[in-house]
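Heads up, the thing below is written out as structure tokens.
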Amino acid sequence: MDALIAKLKTQIIEQLNLEGVSPDDISPDDSLFGEGLGLDSIDALELIVLLEKNYGLKIENPADGKKIFATIRTIAEYITAHGKA
Amino acid sequence: MSICISTYCSIRNNQIKLNGEALLTKGVEVPFNEFIKSAYDLNASPYLKFFKMDDLCKLAFITSEFLLKNRKLSEQYGAENVSLLFANTSSSLDTDINYYNTVKDFASPSLFVYTLPNIMLGEISIRNKFKGENAFFVFEHFQADFLCNYATQLIQEQKAKTVVIGWVELLNENYEAFLCLAEETPDGTELTNENLNKYYNG
Amino acid sequence: MKTVFAAQGNIISSLGFTAEENFSAMEQGRTGIQKFTREDFLPFSFYASLVDDGKLNEKFSALNNKQNFTRLEKIFILSIADVIEESGLDIKAGNTLLIISTTKGNINLLEEENYGGFSEKRLLLSDMASEVARYFGMKNSPLVLSNACISGVLAIITAQRLIRSGQYENVIVSGGDLVSEFTLSGFNSFKALSDEPCKPYDAARKGITLGEGCGTLLLTSDENLLNNNDKKIIVAGGSVSNDANHISGPSRTGEELALAVTNATKEAQCGIAIDFISAHGTATAFNDEMESKAFSVAGLQNVPLNSMKGFFGHTLGAAGVIEAVVTLETMKRNVLLPSQGFQNSGVSEQLNIITQREKREVNTSLKTASGFGGCNAAVIFKSI
């Protein structure tokens, strides 16, 4: 799980062009949207692409994304439960 | 009071000029991304959304930051009275091509949203809380007469109190941005075809 | 200040090649949206409203033109030619301007090998517009407007301003866009495509259906160009605003669309005395919700309203003009058309959504649009 979390941090920073953010700045339980990292609806769509591209996971309904993308840990848990990472 | 160009800013050939005075100059060999990042650093007002923008919006955004520095137009005139009138040659074609290159693999939503030229107006509006008239036109070349007439009409008919006139073009590393502020003010150069052309060329 | 009349209009869509054909189809409750399987567009089946290629090429070859035009240029040319023929306008005169409204123009050339045999320059919107204007031998260079989904309405507002101030006597506003792999893949990446025909304002709406086509409308200060038997309709007011909120998500309050509407009604001096609203109604969750709030803020919640996206799909840069032409037909015929695909309200504020064709006097209409970049536009048509 820790390795997956570390990998996700790097992938998210790169995919979402999070300038000036380093993996150490993000705690696995920080909320990604709203306060926290301040991601928006377009970032959520890019996260859907990230999961499909890197983990072969398809999320058809963006509303499902809200729960899955709450924190880095919830994403990692979703991948562990559904993916082949 | 007549409608004047109160301030103007251009970015071309890796040089930023505000009211004719050079603020930043880099060698022509410096790639656009590097140049625009140093322009962002020079502006010294952090805005992380900048890094998510496509190149066209980065260019428009940075030019507007320099143009509007020290001005609070929304407070001065009311958000609904600040208008944006922009144009260019290639619309969003540079990003259209970048987006289309992702389609065969995984179409990128964050690129797709930038495949419209008026997103520049959206980004500048969000940053400055401008809620007035906005329009984006496409011309083969800079058209001072049209832009001048349209901006004048907006102000004369009280649809706007001030208009940011913009020409922001970018395709394959060739870019050019020129923005100016038109408003009724006693000190400025009168907004005419000739003066607009002069500032654009200067 | 000159008075600006709305004269003849044309629509080319899946429902027909004239305004008349389109309106009749809509009156009969026919939608132009169908299911398509086209792997060059999307890897799965999708709903869309597409212009029939067979009919298009048949009509275009009747023009006996030798030059090679792109698919969208052919649609533009046929649509404009119909308006010129109906109106008898001298298209070559110096006091006539063409405004082309489009979001993506010839973007489908990117998808074809070697740009479909055309020059790469044809991807430029101004190049495409020049080709169309050159076909008609127009004197003035066309004006090209590209402002996301408000392009069509903004083009009408721009035309009104240019005529009112006396810069031109006649302006032909023509809005066109295609359905392409480019747009379908993009809206799909936004998870915004409905897997059934779109249902604007409905509780079960699932997103947009894309459409293609062209709407053309002649605006003029010359009363002699109007059809004698028709109501005289003027473009009475128009306004544009920006949400200043998010580049793809609409305003959470609707206040900015309401601002454009209120400014337009002020210019038209009609207050809330409006008989019909042709709204944007894309059938995405957020857009329709924002509109319901905006019309409520503007005090227009009781005015009969429809979205035409259920008939044409979302035709992007064409939508504003196509829907304005239908709005003008609605006024001339005094027939309100239902909002196709709507059954149960799925927006938080009250709207008076038209569910059945109805004969009713329609003398003042509001057409609105909203789009990416946070833009909103509103225009008022009034019969005098």
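We name chains A, B, ... by the order of the sequence lines, and we start the count at 1 in each one.
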> Taking side chain as C-beta onward, heavy atoms only, is C:Ile100 less than 4.5 Å from B:Val138?
Replying inline: no

> Where does B:Leu111 contact chain C at under 4.5 Å (heavy atoms): side chain, backbone, both or neither?
Replying inline: neither

> Can B:Gln153 and C:Arg164 be said to form a side-chain contact (heavy atoms from CB on, under 4.5 Å), step by step?
Replying inline: CA-CA 11 Å; B:Gln153 191 175 0; C:Arg164 203 178 43 184; 4.1 Å; yes

> Contact part of C:Asn245 toward chain B, heavy-atom cut-off under 4.5 Å: side chain, backbone, both or neither?
Replying inline: backbone

> chain C heavy atoms under 4.5 Å from B:Lys104: which part of the residue, side chain, backbone, both or neither?
Replying inline: side chain

>> Whether the side chain of B:Asn118 engages the backbone of C:Ala148 through a donor-acceptor N/O pair (distance < 3.5 Å, no angle test) should be reported.
In response: yes

> chain B heavy atoms under 4.5 Å from C:Leu154: which part of the residue, side chain, backbone, both or neither?
Replying inline: side chain

> Among side-chain atoms of B:Tyr100 and C:Glu111, is any donor-acceptor pair under 3.5 angstrom?
Replying inline: no

> Contact part of B:Tyr150 toward chain C, heavy-atom cut-off under 4.5 Å: side chain, backbone, both or neither?
Replying inline: side chain

>> Looking at B:Lys129 and C:Ala244, would you say the former's side chain and the latter's main chain have a donor-acceptor pair under 3.5 Å?
In response: yes

>> Out of B:Thr115, B:Leu93, B:Thr89, return the one with the most heavy atom pairs under 4.5 angstrom to chain C.
In response: B:Thr115

> Got a sec, which pairs hit ring-ring contact (aromatic ring centres under 6.0 Å, His included) with one end in residues 160-183 of chain C, sequence neighbours left out?
Replying inline: B:Tyr99-C:Phe182

> Can you name the side-chain hydrogen bond (donor to acceptor under 3.5 Å, both in side chains) partners of B:Asp187, sequence neighbours left out?
Replying inline: B:Thr185

